[in-house]
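Note sheet for the following structure.
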Amino acid sequence: MAVTQQQLSYLKAMGIPVWVSRDAVDASLFELDTKVVTNQASEFKIPSPSSVNNKQTSPTTISHVAKASSSLSHKGDELPAKTPPKPLVDVVAEKPSVKIYTDCTSLDWQQLQSAVIACKQCDLHGVRTQTVFGEGIVNAKWMIIGDAPKEEDDLQGRAFTDRSGILLDNMLMAVGLDRTAVYLTNTLKCRPSNNRDPRKEEFSACVAYLKRQIDLVKPSLILIVGRIATQHLLETKEPLARLRGRPHKIFGLNTPVVVTYHPAYLLRQPRDKYKSWEDLKLAQSLMNKMGQSF
Ligand code: SF4
C-alpha cells in the first residue's frame, strides 16, 4: 500500500520507522516535530484534527454514559504472520458459549446506557467510580473494542482517555481516521481494580451490552485491541500473535474482525508498533475489498 506523506508523519509520531525512497518523499517530512502539535504526553505528537482527511460527514454522535520494522530479526514470543489474508473471514467462533445474563436485544441506545449505569451483575460495580459505556458515531463503519476501562477512563467515564488513548488516536490517524469517526468501547463497562485483567465471569456478565452495541452500530469492520478482549470474544486461548494478521468473526456475525495489540501494550513494547500498523493496513484492505470507505 502506498504511504502518503500525511501517514508518514503519523507513523513517525507513533514511533514506527517506514522506509521510503528519497525520490518519493520530501526530506523535510522527516523533520517531523515542527509539523505537529505537542500534547501533554511529551513523547507523543498529536496532529491537529483538522488536518485529518476524515471522510465521515455529519456524524451522529451519542453522549457518554458518564455524565451522561524495526528489525525483522527480533526474537520475541510471537510467530510472524506470513500467511496472506484469505477472503474475507476466517471463522473462529460462531456463538459465545458464555452465559448471557441480560437480554438487551430490544433496547435502544438510551435504554442500553441506562441499563449499564444501573448494572450490578458482577462485583465490579462495587469498585467503579462510574461506568464507561463507549462513545463515537452510532453508525460508524469501524468499531473498536478494548478489554476494560483503565483508571483515567473510570474517572472520566470515557473510553481510551489516557496515554494509550493518545497512541490509539495516532494509530487511527495513520489510516485516515480519528476517534470521532469510529465507535469505541470495551468488553467490560466497569474498571477492574488495579487494572487487573478482566475475568471470564465478568466478561460473561457484561457481554450482552457489547453485543447489543454491535447490533446497534452495525459496523462494517470490528477492530479488537488487546489479548484479553481478543481471547474472550474469539473464545480461544491462542496467543494474540497467532491470531493477528488474518480476519475473524464473532457472535456468528459476518462482520470481519481484525485483532491487534492494545495501545497500552504498545507503550510498553514499542518494537511491536509496526505489527499494529500492519494490522491496521489489513483492516483497511478488508474495507477496500468490501467497497467501503470510512
Ligand atoms: Fe455490570 Fe458490566 Fe459493570 Fe459488571 S462490568 S457491573 S456486568 S456493567
Side-chain angles (χ1 to χ4, degrees), residues 61-68 93 95-136 138 140 143-162 164-165 168 179 182-217 219 222-237 250-253 257 259 262-265:
T61 59
I62 62 169
S63 59
H64 305 138
V65 169
K67 300 175 182 177
K95 295 178 182 176
S97 60
V98 295
K99 179 180 178 183
I100 306 295
Y101 283 70
T102 306
D103 180 7
C104 301
T105 52
S106 63
L107 301 186
D108 63 21
W109 278 111
Q110 194 167 8
Q111 292 167 332
L112 189 63
Q113 291 182 11
S114 298
V116 168
I117 290 172
C119 182
K120 295 183 178 180
Q121 287 190 154
C122 80
D123 290 344
L124 294 181
H125 82 273
V127 295
R128 70 190 178 207
T129 303
Q130 57 196 319
T131 53
V132 180
F133 182 74
E135 64 186 75
V138 296
M143 185 166 184
I144 300 174
I145 303 171
D147 47 16
K150 305 293 186 279
E151 182 176 8
E152 189 62 28
D153 305 338
D154 173 72
L155 292 172
Q156 293 194 30
R158 298 186 58 196
F160 296 97
T161 57
D162 58 6
S164 65
L168 179 64
R179 68 167 58 211
V182 301
Y183 190 84
L184 290 167
T185 190
N186 288 294
T187 57
L188 297 189
K189 311 309 180 195
C190 303
R191 175 197 173 219
S193 53
N194 301 318
N195 288 342
R196 65 161 170 76
D197 290 344
R199 295 175 179 143
K200 185 164 184 177
E201 61 270 23
E202 294 160 350
F203 173 78
S204 301
C206 210
V207 69
Y209 301 128
L210 174 65
K211 188 174 186 309
R212 183 59 182 156
Q213 285 176 304
I214 296 172
D215 289 343
L216 288 168
V217 174
I222 295 173
L223 179 70
I224 305 176
V225 296
R227 175 181 62 85
I228 301 296
T230 296
Q231 291 181 335
H232 279 317
L233 290 169
L234 299 187
E235 293 193 288
T236 179
K237 293 184 179 178
I250 56 175
F251 298 136
L253 301 173
V257 173
V259 304
H262 196 286
Y265 166 84

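Both counts, for ligands and for their atoms, begin at 1 and track the order of listing. Worth knowing before you read on, the calculation uses all heavy atoms, side chains too, and leaves out hydrogens, waters and symmetry mates.
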Considering only protein heavy atoms, which is closest to [atom], and at what distance to one decimal place?
{"atom": "atom 1 (Fe) of ligand 1", "value": "C119 SG, 2.2 Å"}
{"atom": "atom 2 (Fe) of ligand 1", "value": "C206 SG, 2.3 Å"}
{"atom": "atom 4 (Fe) of ligand 1", "value": "C122 SG, 2.3 Å"}
{"atom": "atom 3 (Fe) of ligand 1", "value": "C190 SG, 2.3 Å"}

Residue pair K189 / Q213, side-chain donor-acceptor N/O under 3.5 Å: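 Per modelled atom types, K189 and Q213 side chains form a pair under 3.5 Å.
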
Distance-only polar pair, side chains of T187 and D147, donor-acceptor under 3.5 Å: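 Checked: T187/D147 side chains show no N/O donor-acceptor pair below 3.5 Å.
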
Element-labelled atoms of ligand 1 that are located less than 4.0 Å from some non-hydrogen atom of A205: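 Counting from 1, the qualifying ligand atoms are 7 (S).
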
Ligand-side contact atoms (ligand 1) for residue partner R128, heavy atom cut-off under 4.0 Å: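 With R128 as reference, the close atoms of ligand 1 come out as 3 (Fe), 6 (S).
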
Ring-ring centroid check W109 Y183, cutoff 6.0 Å: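 Yes.
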
Residues E202 and R196 bridged, charged N to O under 4.0 Å: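 Looking at R196 together with E202, the answer is yes, because their closest N to O distance falls below 4.0 Å.
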
Region of E202 that comes within reach of ligand 1 [heavy atoms, distance under 4.0 Å]: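 Neither; no heavy atom under 4.0 Å.
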
CG/N194: more than 12 non-hydrogen atoms of other groups inside 6.0 Å: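 Check fails, neighbour count at 12 or below.
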
Within 6.0 Å of CG in D123, more than 12 heavy atoms from elsewhere: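 No, CG of D123 has 12 or fewer neighbouring heavy atoms, counting only those of other groups under 6.0 Å.
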
N, O or S atom of H125 closer to atom 2 (Fe) of ligand 1 than 2.8 Å: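 No N, O or S atom of H125 is closer than 2.8 Å to atom 2 (Fe) of ligand 1, so no.
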
